[in-house]
Number of protein chains: 2
Amino acid sequence: MSKTTTEVGWREARREAARAKLLATAWEMVRENGLGALTLRQLATSAGVTTPTVYAYFDSKNAIFDAMFGEAAEAFAETRADLPDSGSAFDNLVADVRRWVEFCTSDVARYQLLFQRPIPGFEPSAESYEPAVRALDFTREYLARNGVSGPRNVDLWTAVTTGLVDQQISNDPGGDRWTRLIEDVVRMLLAHTSDQPPE
Amino acid sequence: MSKTTTEVGWREARREAARAKLLATAWEMVRENGLGALTLRQLATSAGVTTPTVYAYFDSKNAIFDAMFGEAAEAFAETRADLPDSGSAFDNLVADVRRWVEFCTSDVARYQLLFQRPIPGFEPSAESYEPAVRALDFTREYLARNGVSGPRNVDLWTAVTTGLVDQQISNDPGGDRWTRLIEDVVRMLLAHTSDQPPE
DNA sequence: GTCTATAGCTGGATAGAC
DNA sequence: GTCTATCCAGCTATAGAC
């Protein structure tokens, strides 16, 4: 009578839910106090369990970071999935940059985990990293589709858009001092990197 | 017979030398293993003393970071002191950006300490911070002298040049994948931010 | 000023009962 | 799976002898 498939599924669902709660709590903590502030004691307490229980779901602290990295990379890939395809390269690229900047500035801890590696001793696993690679490939392709191709031009775009994010986060968190420059920046970049001059 | 001025001066010099050695050792350590890897035990050992001796020269670990911040800010200010003043705005601005990028990429730990604040609980003192403010004011003035003025344009320059540094450090440390874009970037920025169109 | 010795704390991770 | 209890390592910082 025991071990029906439904019962097994239910147990697995319970386990997944508990694991998900730990991850959600971890995200709250790093958003609040930075990536360095994540400790297993506090994580356990905040999630309503004890430290050893955390080890029932994750092999180590870095395994938690790896799971978080995977979620972040997946979320990043999703922002690239449905970029617009209007007739205007300018409109398309503005949307692209806007979404990138929004993704980064809306969750600084996630941005740092994904792109700045500030945790000594942590390297994401290949599985967790894969969505990030996919997203970057898609970005390259999207740029090309909108008239910006060649490694040099792509590097220029990544540098400039990263700079916007970096300054916005460092010097005007929560504001729009740099995000409001997006249209200007896209115009400038397009004029200098487009395969064909703008119409 | 004791306490002549020369003797006092000699003792102070000894003290300063010991302090300077600790700071130099601290810089070596953070350059080697990152800002987070600086511990007082290792610092003491590497400098050939014991932990309590460090406290004879610095009140706390953050006092060490503050002294390092001061040195970094002073070094940054010095890179702004003798920027060229040729007839060409383009040449001047290329020199400016080159020096900025060189300053940042040649010592990543110093760059992070100055501009990214990755040490929880550490805020530089006003004295240590002052040279950095001076340097940024000078940069603003230098941009204006070369035909780039207005807060919006200055923000655009800082964002783009920061982006170059950021990408160079994160994705091609020791290389020149982004630094070689400097001339291109300055041309692009000048075309879009100059008060007067280039001759 | 420099040492030995240590306090006091916090971290990740584990043993073993239930 | 979850708990209590604990180990062990590393850290900043200090007390007190010399």
Side-chain angles (χ1 to χ4, degrees), chain A residues 2-3 7-26 29-30 32-69 113 118-123 125, chain B residues 2-3 7-26 29-30 32-69 113 118-123 125:
Chain A
S2 56
K3 289 214 177 175
E7 189 182 342
V8 169
W10 183 79
R11 288 206 174 154
E12 279 177 5
R14 286 271 296 185
R15 184 177 168 82
E16 268 315 298
R19 197 184 135 102
K21 176 167 187 186
L22 281 171
L23 278 179
T25 307
M29 291 175 63
V30 299
E32 199 88 8
N33 302 105
L35 286 167
L38 183 69
T39 70
L40 297 185
R41 278 159 149 73
Q42 283 187 21
L43 170 59
T45 305
S46 296
V49 294
T50 57
T51 327
T53 302
V54 177
Y55 283 89
Y57 296 96
F58 300 95
D59 286 342
S60 68
K61 187 179 181 181
N62 276 355
I64 299 177
F65 279 127
D66 196 55
M68 294 172 79
F69 189 98
L113 178 62
I119 299 160
F122 166 66
E123 286 295 319
S125 63
Chain B
S2 57
K3 288 217 177 172
E7 188 181 345
V8 169
W10 183 78
R11 290 207 174 156
E12 280 177 3
R14 287 270 296 184
R15 183 177 169 81
E16 269 315 299
R19 195 184 136 101
K21 176 167 185 185
L22 281 171
L23 278 181
T25 308
M29 292 176 60
V30 299
E32 199 88 6
N33 301 104
L35 286 167
L38 183 68
T39 70
L40 298 185
R41 275 158 150 67
Q42 284 187 21
L43 170 59
T45 305
S46 296
V49 294
T50 58
T51 328
T53 302
V54 176
Y55 283 90
Y57 297 95
F58 299 96
D59 286 342
S60 68
K61 186 178 181 181
N62 276 354
I64 298 177
F65 279 126
D66 196 55
M68 294 172 80
F69 189 99
L113 178 62
I119 299 159
F122 167 66
E123 286 297 319
S125 64

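The figures that follow rest on heavy atoms only: side chains count, while hydrogens, waters and symmetry mates do not.
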Please name the pair of heavy atoms, one in [X] and one in [Y], separated by the smallest distance, quoted to 0.1 Å.
X: B/T25; Y: B/A47; result: OG1-CB, 3.9 Å
X: B/A26; Y: B/L43; result: N-CD1, 3.7 Å
X: B/K61; Y: B/T39; result: NZ-CA, 4.5 Å

Whole Å only: how far is the [atom1] atom of [X] from the [atom2] atom of [N]?
X: B/Y55; N: D/dA15; atom1: OH; atom2: P; result: 12 Å
X: A/F65; N: C/dG11; atom1: CZ; atom2: C1'; result: 13 Å
X: B/F122; N: D/dT12; atom1: CZ; atom2: C1'; result: 17 Å
X: A/F58; N: D/dT2; atom1: CZ; atom2: P; result: 12 Å
X: A/R19; N: D/dT2; atom1: CZ; atom2: C1'; result: 18 Å
X: A/N62; N: C/dA13; atom1: CG; atom2: P; result: 8 Å
X: A/L40; N: D/dA9; atom1: CG; atom2: P; result: 18 Å
X: B/L38; N: D/dT12; atom1: CG; atom2: C1'; result: 12 Å

Find out whether A/T53 and A/L22 are in side-chain contact, i.e. whether some heavy atom of one side chain is under 4.5 Å from a heavy atom of the other. no
Side chain A/R41 and base C/dT10 donor-acceptor under 3.5 Å: no
Counting distance alone, no hydrogens or angles: does the base of C/dG1 have a donor or acceptor under 3.5 Å from a partner atom on the side chain of B/R15? no
Reading DNA chain C from 5' onward, which residue's closest nucleotide shows up sooner: A/T39 or A/D59? A/T39
Just checking B/L43: base, sugar-phosphate only, or nothing, at a heavy-atom cut-off of under 4.0 Å? nothing
Which is true for B/Y57 with a 4.0 Å heavy-atom rule: it touches a base, it touches only sugar-phosphate, or it touches nothing? sugar-phosphate
Does the side chain of B/T51 get closer than 4.0 angstrom to OP1 or OP2 of D/dT12 through an N or O atom? no
D/dC3, OP1 or OP2 - any side-chain N/O from A/T50 closer than 4.0 Å? yes
